[in-house]
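To keep things clear, I will list the structure first and then write my remarks on it.
Reminder, nothing fancy here: chain letters follow the sequence lines and each chain counts from 1.
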There are 2 protein chains.
Amino acid sequence: MPKRINFPEVISKLKDFYSHRKRLPSFSELQSLLGYSSKGGVSLLTSHLVKRGILKRDPSGKLVPTPALEGGIKLLGTVQAGFPSPAEEELIDTLSLDEFLIKNPQASYLVKVTGDSMIDAGIMPDDLVIVDRGRQPRHGDIVIAEVDGAWTMKYYEKRGTKVLLRAANKKYPPIEPKAELVIGGVVVANVRKYK
Amino acid sequence: MPKRINFPEVISKLKDFYSHRKRLPSFSELQSLLGYSSKGGVSLLTSHLVKRGILKRDPSGKLVPTPALEGGIKLLGTVQAGFPSPAEEELIDTLSLDEFLIKNPQASYLVKVTGDSMIDAGIMPDDLVIVDRGRQPRHGDIVIAEVDGAWTMKYYEKRGTKVLLRAANKKYPPIEPKAELVIGGVVVANVRKYK
DNA sequence: CATTATAACGGACGTTCGTCCGTTTTCAAA
DNA sequence: TTTGAAAACGGACGAACGTCCGTTATAATG
């Protein structure tokens, strides 16, 4: 039996388990997962993981995962910084895109973009935008609005007491809504998946 | 005591618990959370939640959350479809951005974009790109590559046996790497957060 | 070689967990 | 009013859980 714990391997197995099962393994599951033959050993191991910040204990003393386990993504500076080697991976911060992009999960929706009316703002056809409908639009926001019975995406701009809806594409003229302006929500993020 | 279960309220409380604690509540926790005075009642309730697809049971019989609980985001069609009312929310599919965008969590990184070299591809300064470094670049992919000691983002294009790195901005001329071309990874997604 | 610290073993123990089942309450339909 | 179905109560039960602790094994140090 070895004396050193292979942390990268343990962490990767934990990640695997958590991302597939959406819960942490119990001690006995960890036991067979990692090849221990006693629960005591597992107990020691988990205390190390807590020290390292891989796991933590919630108010009631139960083990819960930290962001490091939650299927998130490692965070880097800018491209210039280059890429980390596997050895230094443990130092890197992990981030959940869901939590990062979505403030109000209950009131947010993912909508596929059609048309090129916002292309100059970097929003292209087939992109997905995250729309928060529980948010008051402010000058400069991109909003989903109902215009003449159809829903479109536009910049929301205040001109004195009036409101102007402007596309990010010179092909389309700005719109000044007549009576009532129905806002479906504010675009809080744009997401594009390649391939 | 009522006879009908208030599912929206139960679901919202479950979401709350899961998104904050990263685990499901135990039966006794559910009991006090929902104001039951017996575990039997909770047991009945959970079986309803399983039937409705809010929870499910994993191979070992333990309760685990479905995507509907996992802090994900509701999925809609295109903008034209308009917005759902709270009443019909239960029907909507939920999606985790992490799982949707990231195939290889272990080998993926989030990198902040500097410069405007890919602006015609809709990748703007301060966007975040998800880079998968465990993937072979193919013709047309956007890659992170080391050119003259600096890391940049470019289209990866095959010209016969040679490789051309091309920016999505006419201001920058294409680059034909001389000797070795170091690829840091393939850009698999682009993410922009507003405000 | 002797010393020391860490890791794992192997049980014992008390607690919590979730299921089960008979009973009671509530509501709606007949 | 009677009947039936669904929801919750209230406990009992066995199984699983995680902690604890003394012992043994391993490896690094000097």
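To the nearest angstrom, P of C:dA8 lies 12 Å from CD of A:Gln31. A:Asn6 places its CG atom 16 Å from the C1' atom of C:dA8, with the value rounded to the nearest Å. The CZ-C1' distance, from B:Arg52 to D:dA6, rounds to 13 Å in whole Å. Rounded to an integer number of Å, the gap from A:Leu45 CG to C:dA8 P is 7 Å. Atom CG in B:Leu30 sits about 17 Å away from atom P in C:dT16, given to the nearest Å. As rounded to whole Å, 6 Å separates atom C1' of C:dG18 from atom CZ of B:Phe27. Between the C1' atom of C:dT6 and the CZ atom of A:Phe7 lies a distance of 11 Å, rounded to the nearest Å. Note: CG (B:Leu44) to C1' (C:dC21) measures 13 Å, nearest angstrom.
Between A:Gly35 and B:Pro25, the residue anchored nearer the 5' end of DNA chain C, judged by the nucleotide with its closest heavy atom, is A:Gly35. Ranked by how close their nearest DNA chain D nucleotide is to the 5' end, B:Gly40 and A:Arg57 are led by B:Gly40.
In this structure, A:Thr46 does not reach the D:dG18 phosphate: none of its side-chain N or O atoms is under 4.0 Å from OP1 or OP2. For the OP1/OP2 pair of D:dG18 and a distance below 4.0 Å, the side-chain nitrogens and oxygens of A:Ser43 include no atom meeting the criterion. Checking the phosphate oxygens (OP1, OP2) of C:dC17, a side-chain nitrogen or oxygen of B:Ser26 falls inside 4.0 Å. Contact annotation: A:Lys62 side-chain N/O to C:dT15 OP1/OP2 distance is not under 4.0 Å. Contact check, A:Ser38 against C:dA8: no side-chain N or O comes under 4.0 Å of OP1 or OP2. Residue B:His48 places at least one side-chain N or O closer than 4.0 Å to OP1 or OP2 of D:dA7.
When heavy atoms are screened at a 4.0 angstrom cut-off, B:Ser28 is found touching the sugar-phosphate backbone but no base atom.
When each of A:Val131, A:Thr114, A:Leu165, A:Val187 is paired with A:Met153, the side chain to side chain contact (heavy atoms under 4.5 Å, CB included) condition holds for A:Val187 and for no other.
Within a 6.0 Å sphere centred on NZ of A:Lys170, other residues, nucleotides and ligands contribute 12 heavy atoms or fewer. Other residues, nucleotides and ligands place no more than 12 heavy atoms under 6.0 Å from the NZ atom of A:Lys162.
Rounding to the nearest 0.5 Å places OG1 of A:Thr46 at 10.0 Å from NZ of A:Lys51.
Checked by atom type, the side-chain pair B:Tyr172/B:Asp116 shows a donor-acceptor distance below 3.5 Å.
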